[in-house]
Amino acid sequence: MIWYPYTQMKTMPEPIKVEKADGVFLYTGKGRLIDSVSSWWSAIHGYNHPVLNAAVTRQLEKFAHVMLGGLTHDPVLELTEKLADWLPGDLDYCFYSDSGSVAVEVALKMALQYNVNRGSGRNTVLALKNAYHGDTFKAMEVGDDEDYHFAFPTKRGVIHIPTKVDALQAAFDAHGDELYCMIVEPLLQGAGGMKMYGEEFLHRARALCDKHDVLLIFDEVATGFGRTGNRFVADKVLPDILVLGKALTGGYIGHAVTVANRRVYNGFYGDDPRLGFMHGPTFMGNALACGVALASIKLFEEQTYTDKIRRIEEIQQEELSGLVDERIKEVRVAGGCACIEVYDPAVLKGFADYAVSRGVFNRPFGNIMYAAVPYVIQEEQLRTVLGVMKEWFLRG
Ligand SMILES: *Cc1c(COP(=O)(O)O)cnc(C)c1O
């Protein structure tokens, strides 16, 4: 028996079986569907991509995986060199893991031990209301999402603030010297309700973290690789630790990376073994994952994806900006992401089935209907996706 995610098994609708996937399409028992959520934001180049397939096959002929303890290999060396080169500032030190949640745990452990290593007793994390950072324990604690985590209410050593500059200032005034880090999903909070906020908040956060000697962590597991219209939000405001996942491997293999700057890295560097970072997922730096991640980044660069994303954003604005309905609270668009927030989650009941009947796979959550399409989507396919979302409200 498969135990499916985020669901009551007793009332779960039958999952749609995928036979084949190619480009933006899932070929299923219910026909050919445009995937409007890119397999949880990861499949940015679409499915069955020849370049990514070749990267996996090429590496598979050599070996699939070797441990990173005591061993290393070309795919992980090359990906690391690329990331160090490609990512802004001195975000150069890559710690790999198998999922976004673990990569967030790694970032938080890194920040805490960085402070322990320098003899500091700081014990508090500053985080955001409506945050989602994954489903493991510390990730849940820094998260703030009742729908996911209501059964696990403890929030030890975490302060949650709204994305407002005055709340930020107040938190630092009161707790600045207790904080070992601040963690945010920059500009766009995904699973916590697709909330968007301005860059000014991040600039203030950076300044206050500097003033109070607090590490700033960007969880760009969802926002990274262009989703907000920026390549990375870290291009605009530089964090001390950057977490990437989801689209890192173009949706091929679960993998993530926690990238630290030189200051953080140096906090662990020395002759004393006890200063070292004690973490090591079995499958960290998996050779297939690193090989396909490198190929994915090259595609992203060569094919000017930021232009593609800008075009997606324009079309989303065009299609959705005029949408007014008494059931709709707000329509929000940022980069490769569009969202319709309704007042009452019941309004979205039945939408997933309706979308399938119109050739689109979509998966609303709570009171949020959204699209995070593969960047390779054609204009008319995108208009189909957005059209189906609109029709749900317009057809009466
Ligand atoms: C999805 C997500 C995670 C968790 O990643 P997994 O690979 O599912 O563990 C963490 N942070 C953010 C912002 C995410 O969107």
Side-chain angles (χ1 to χ4, degrees), residues 2 4-5 18-27 35 37-69 71-83 86-87 94-107 134-136 139 190-191 219-227 232 242-259 279-301 303 305 361 372 374-376:
I2 298 170
Y4 284 93
V18 176
E19 316 283 351
K20 190 178 94 168
D22 193 78
V24 299
F25 292 110
L26 304 171
Y27 294 81
D35 181 359
V37 295
S38 306
S39 278
W40 276 329
W41 315 43
S42 66
I44 55 174
H45 313 287
Y47 298 99
N48 198 23
H49 194 290
V51 173
L52 302 185
N53 289 2
V56 175
T57 316
R58 213 180 314 121
Q59 181 55 38
L60 190 55
E61 281 162 7
K62 296 177 189 152
F63 59 92
H65 178 73
V66 296
M67 65 193 257
L68 220 52
L71 301 173
T72 195
H73 52 80
D74 280 335
V76 75
L77 290 166
E78 284 164 19
L79 175 61
T80 304
E81 195 180 317
K82 182 71 197 175
L83 285 172
W86 206 49
L87 295 174
C94 299
F95 193 98
Y96 294 95
S97 55
D98 24 32
S99 76
S101 302
V102 174
V104 165
E105 298 284 337
V106 165
D135 297 337
T136 52
D219 175 354
E220 293 216 51
V221 171
T223 57
F225 300 97
R227 197 48 79 177
F232 300 97
L242 174 64
V243 186
L244 302 176
K246 288 197 165 86
L248 174 66
T249 66
Y252 267 56
I253 300 169
H255 221 65
V257 63
T258 306
V259 190
H279 202 97
T282 304
F283 288 101
M284 72 183 291
N286 174 270
L288 298 177
C290 289
V292 75
L294 188 60
S296 170
I297 290 171
K298 285 184 179 161
L299 274 182
F300 195 99
E301 276 184 307
Q303 305 204 353
Y305 271 52
F361 176 71
Y375 302 148
V376 297

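Keep in mind that what you see is a predicted model, and the values were worked out from it rather than measured.
Formation of a donor-acceptor pair under 3.5 Å by the Tyr375 side chain with backbone atoms of Arg227 is found in this model. The backbone N or O of Asp135 lies less than 3.5 Å from a partner atom in the side chain of Ser101, making a donor-acceptor pair. A donor-acceptor pair under 3.5 Å is formed between the side chain of Thr80 and the backbone N or O of Val76. Remark: the backbone N or O of Ala372 is paired with a side-chain donor or acceptor of Ser38 at under 3.5 angstrom. Between the Ser39 side chain and the Ala43 main chain, no donor and acceptor come within less than 3.5 Å of each other.
A centroid separation of 6.0 Å or more is found between the aromatic rings of His49 and Tyr252.
Once rounded to the nearest 0.5 Å, the distance linking CD of Glu301 with NZ of Lys82 reads 3.5 Å. Atom CD of Glu78 and atom CD1 of Ile297 lie 12.0 Å apart (nearest 0.5 Å). Atoms OG1 and CG, from Thr249 and Leu288 in turn, are 10.5 Å apart once rounded to the nearest 0.5 Å. With rounding to the nearest 0.5 Å, the separation of CD in Glu105 from OG1 in Thr136 is 3.5 Å. Of the inter-residue distances, the one linking Glu220 atom CD with Leu248 atom CG reads 12.5 Å to the nearest 0.5 angstrom. To the nearest 0.5 Å, atoms CG (Asp219) and CG (Leu244) are separated by 9.0 Å.
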Inset, instruction - Using the side-chain contact (heavy atoms from CB on, under 4.5 Å) rule, take Asn286 and Asp98 through it: C-alpha gap first, then chi angles, then the decisive distance, then the call. - result: CA-CA 8 Å; Asn286 174 270; Asp98 24 32; over 6 Å; no
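Residues Cys94 and Val257 approach most closely at CB-CG2, 3.7 Å, considering heavy atoms. What you find for Met284 and His65 is that their closest heavy atoms are O-CE1, 4.2 Å. Minimum heavy-atom separation, Ala107 to Val243: CB-CG2, 3.8 Å. Between Gly285 and His255, the shortest heavy-atom contact is N-NE2, 3.0 Å. Scanning all heavy atoms of the two residues, the minimum distance from Ile44 to Phe225 falls at CD1-CB, 4.3 Å. Between Pro75 and Gly291, the shortest heavy-atom contact is CB-N, 3.9 Å.
For the side-chain contact (heavy atoms from CB on, under 4.5 Å) test with Tyr96, the passing option among Val106, Leu79, Val102 is Leu79; the others fail. Results of the side-chain contact (heavy atoms from CB on, under 4.5 Å) test with Phe361 over Leu26, Val18, Val24 single out Leu26 as the only residue that passes.
Relative ring orientation between Trp86 and Phe300 is described as perpendicular, the plane-to-plane angle rising above 60° on a 0-90° scale split at 30° and 60°.
Side-chain contact between Pro374 and Phe25 is absent, with no heavy-atom pair separated by less than 4.5 Å.
Partners of Leu71 by side-chain contact (heavy atoms from CB on, under 4.5 Å), not counting sequence neighbours, listed by chain and number: Val66, Met67.
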